Amino acid sequence: MNIILSRDSQVPVMEDTVTNAEKSFGQFCSLLAAYTRKTARLRDTADQLVKQLISFANTENPEMRATLRNFAEDLAKVQDYRQAEVERLETKVVNPLKLYGMQIKQTRAEIKKFKSIRNNEIKQLKKLEKLRQKSLSDRQTISQAETSVQRASVDASRTSHQLEETVDTFQKQKLKDIQKIFSDFVTIEMVFHAKAVEVYSSAFQTLESYDLEKDLEDFRAKMHRVYGRCDARPALMDTTLSPALPWSLAQSSQSTIQSQRKEAVSEDDSAEEDPVEDLRGQAQRLHQ
């Protein structure tokens with residue numbers, strides 16, 4: 001009977017071990033599966049950001065366009081690494097936790113089997129005790145009952161030993177699996193973040209090397225060309241230039257005016273010299 005009590009004291013410990021594992025591993029599986037799904041959603045959102053960056057880059061000046069395209073390429077590369085992270089999390093973290101439910105189910109079945117055999121042993125012992133109390137003279141029946149008790153005890157002892165080995169193996173495997181699963185989790189995250197930091201460093205350098213002044217020069221030149229086409233007018237003989245005209249147009253207009261001025265002065269000089277020559281010629285003919 002003491003042996004039976006000893007076996008009974010072991011059962012709650014075994015059941016608690018399996019129950020705690022079932023509860024904790026179920027929560028781990030649920031949380032890490034949610035973690036993986038959110039990582040996948042982050043990847044999808046970043047892919048949309050890459051598309052928007054490329055779309056915006058196509059509307060900008062050359063320097064910003066090249067910078068944003070290079071930045072978008074780096075960001076897309078990070079999402080490739082994130083995709084690999086998602087796949088590894090599913091394979092090495094989530095799936096092993098899902099499969100753990102089967103091991104817990106099998107261990108529970110072993111405990112249930114042992115409890116059934118133990119109950120049979122107790123039942124046979126109680127039957128034997130009743131026979132001894134009621135039919136002490138019926139040796140044959142008592143002998144048969146003793147044989148049944150002995151057989152049940154041997155069966156219970158063997159099953160108890162097997163169950164101890166099963167639960168011990170379960171506990172050992174559980175601890176090893178916890179260690180491996182979370183080691184894999186940390187390794188996957190470290191690999192992703194190490195590669196991501198490398199790419200993000202390149203992206204940072206790309207953004208830092210952006211030449212804002214060059215884009216502004218291109219933008220202002222474009223604005224001036226458009227403004228000049230809209231305000232283009234015929235050249236006027238006026239020495240006063242509009243301050244709103246671009247410098248190149250002002251120089252051209254001023255040169256034209258100066259040229260016209262020189263031609264006008266030359267014609268005036270010629271018109272003044274002709275009468276003088278005529279008078280000189282007439283005076284010479286009179287003296288002759």
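Remember, it's a predicted structure, so these values are computed and weren't measured experimentally.
- The hydrophobic clustering, which links ILVMFWY residues whose side-chain heavy atoms are closer than 4.5 Å, places Val78 and Leu207 together.
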With side chain to side chain contact (heavy atoms under 4.5 Å, CB included) as the criterion, how do Lys92 and Ile181 come out once you've worked through the C-alpha distance, each side chain's angles and the decisive distance to 0.1 Å? CA-CA 7 Å; Lys92 294 189 174 184; Ile181 287 170; over 6 Å; no
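- Taking hydrophobic clusters as Ile, Leu, Val, Met, Phe, Trp and Tyr residues chained together by side-chain heavy-atom distances below 4.5 Å, Phe182 shares a cluster with Val93.
- Contacts of Phe185 classified as ring pair (Phe, Tyr, Trp, His ring centres under 6.0 Å), with partners at least two apart in sequence or in another chain: Tyr35.
- Remark: Glu73 CD to Leu68 CG distance equals 13.0 Å, nearest 0.5 Å.
- The hydrophobic cluster of Met102 has no other members, since no ILVMFWY side-chain heavy atom comes under 4.5 Å of it.
- Annotation: side chain of Asn95 is in contact with side chain of Lys98 (closest heavy-atom distance under 4.5 Å).
- Looking only at side-chain heavy atoms (C-beta outward), Met190 and Val186 come within less than 4.5 Å of each other.
- Applying the side-chain contact (heavy atoms from CB on, under 4.5 Å) rule to Gln52 yields no partners; only residues at least two apart in sequence or on another chain are considered.
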Only distances under 3.5 Å count here; give the side-chain donor-acceptor pairs of residues 209-218 to other protein atoms, sequence neighbours excluded, each with its distance to 0.1 Å.
{"residue": "Ser209", "atom": "OG", "partner": "Gln205", "partner atom": "O", "Å": "3.1"}
{"residue": "Ser209", "atom": "OG", "partner": "Thr206", "partner atom": "O", "Å": "3.0"}
{"residue": "Tyr210", "atom": "OH", "partner": "Asp215", "partner atom": "OD2", "Å": "2.9"}
{"residue": "Asp211", "atom": "OD1", "partner": "Glu213", "partner atom": "N", "Å": "3.4"}
{"residue": "Asp211", "atom": "OD1", "partner": "Lys214", "partner atom": "N", "Å": "3.2"}
{"residue": "Asp215", "atom": "OD1", "partner": "Glu63", "partner atom": "N", "Å": "3.1"}
{"residue": "Asp215", "atom": "OD2", "partner": "Met64", "partner atom": "N", "Å": "2.7"}

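- Between the Thr169 side chain and the Glu165 main chain, a donor and an acceptor come within less than 3.5 Å of each other.
- For the atom pair Arg82 CZ and Asp47 CG, the distance stands at 9.5 Å (nearest 0.5 Å).
- If you run side-chain contact (heavy atoms from CB on, under 4.5 Å) between Met14 and each of Asp168, Leu163, Thr107, only Leu163 comes through.
- At distances below 3.5 Å, not a single donor-acceptor pair connects side-chain atoms of Arg65 with backbone N or O atoms of Asn58.
- In the displayed structure, Glu164 atom CD is contacted under 6.0 Å by more than 12 heavy atoms of other residues, nucleotides or ligands.
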Walk me through it: do Thr166 and Gln106 pass the test side chain to side chain contact (heavy atoms under 4.5 Å, CB included)? CA-CA 10 Å; Thr166 299; Gln106 291 174 351; over 6 Å; no
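- Under a hydrophobic clustering in which Ile, Leu, Val, Met, Phe, Trp and Tyr are joined whenever their side-chain heavy atoms come within less than 4.5 Å, directly or via other members, Leu175 and Phe170 fall into different clusters.
- Scanning all heavy atoms of the two residues, the minimum distance from Ala57 to Arg69 falls at CB-CG, 4.1 Å.
- No hydrogens or angles considered: a donor-acceptor pair under 3.5 Å links the side chains of Gln171 and Lys174.
- Residue Asp74 comes nearest to Ser202 through the heavy atom pair OD2-OG, 3.4 Å, listed as atom of the first residue, atom of the second, then distance.
- Residue-environment remark: CD (Glu189) exceeds the threshold of 12 foreign heavy atoms within 6.0 Å.
- When side chains are defined from C-beta on, Glu85 counts as touching Leu89, because their heavy atoms get closer than 4.5 Å.
- One finds the OH atom of Tyr200 at 12.5 Å from the NZ atom of Lys77 (value rounded to the nearest 0.5 Å).
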Does the pair Gln83 and Glu87 meet the rule for a side-chain hydrogen bond (donor to acceptor under 3.5 Å, both in side chains), with working shown? CA-CA 6 Å; Gln83 172 62 23; Glu87 292 175 356; 2.8 Å; yes
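- Under the 4.5 Å side-chain heavy-atom criterion for grouping Ile, Leu, Val, Met, Phe, Trp and Tyr, Ile188 is not connected to Val86 through any hydrophobic cluster.
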Would you sort out whether Glu110 and Val167 count as a side chain to side chain contact (heavy atoms under 4.5 Å, CB included), showing the intermediate values? CA-CA 9 Å; Glu110 290 295 327; Val167 174; over 6 Å; no
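- Every side-chain contact (heavy atoms from CB on, under 4.5 Å) that Leu49 has, sequence neighbours left out, goes to Leu53, Leu75.
- Both Val50 and Phe56 belong to a common hydrophobic cluster when Ile, Leu, Val, Met, Phe, Trp and Tyr are linked at side-chain heavy-atom distances under 4.5 angstrom.
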Under 3.5 Å, sequence neighbours excluded: what are the donor-acceptor pairs made by side chains of residues 22-31?
{"residue": "Glu22", "atom": "OE1", "partner": "Arg108", "partner atom": "NE", "Å": "3.3"}
{"residue": "Glu22", "atom": "OE1", "partner": "Arg108", "partner atom": "NH2", "Å": "2.8"}
{"residue": "Ser24", "atom": "OG", "partner": "Asn20", "partner atom": "O", "Å": "3.0"}

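- Taking 4.5 Å as the limit, some side-chain heavy atom of Val11 sits within range of a side-chain heavy atom of Glu15.
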Please evaluate residues Lys180 and Asp184 with respect to the criterion salt bridge (Lys or Arg N to Asp or Glu O under 4.0 Å), reporting the C-alpha separation (whole Å), side-chain torsions for both, the decisive distance (0.1 Å), and the verdict. CA-CA 6 Å; Lys180 185 177 188 308; Asp184 287 342; 2.9 Å; yes
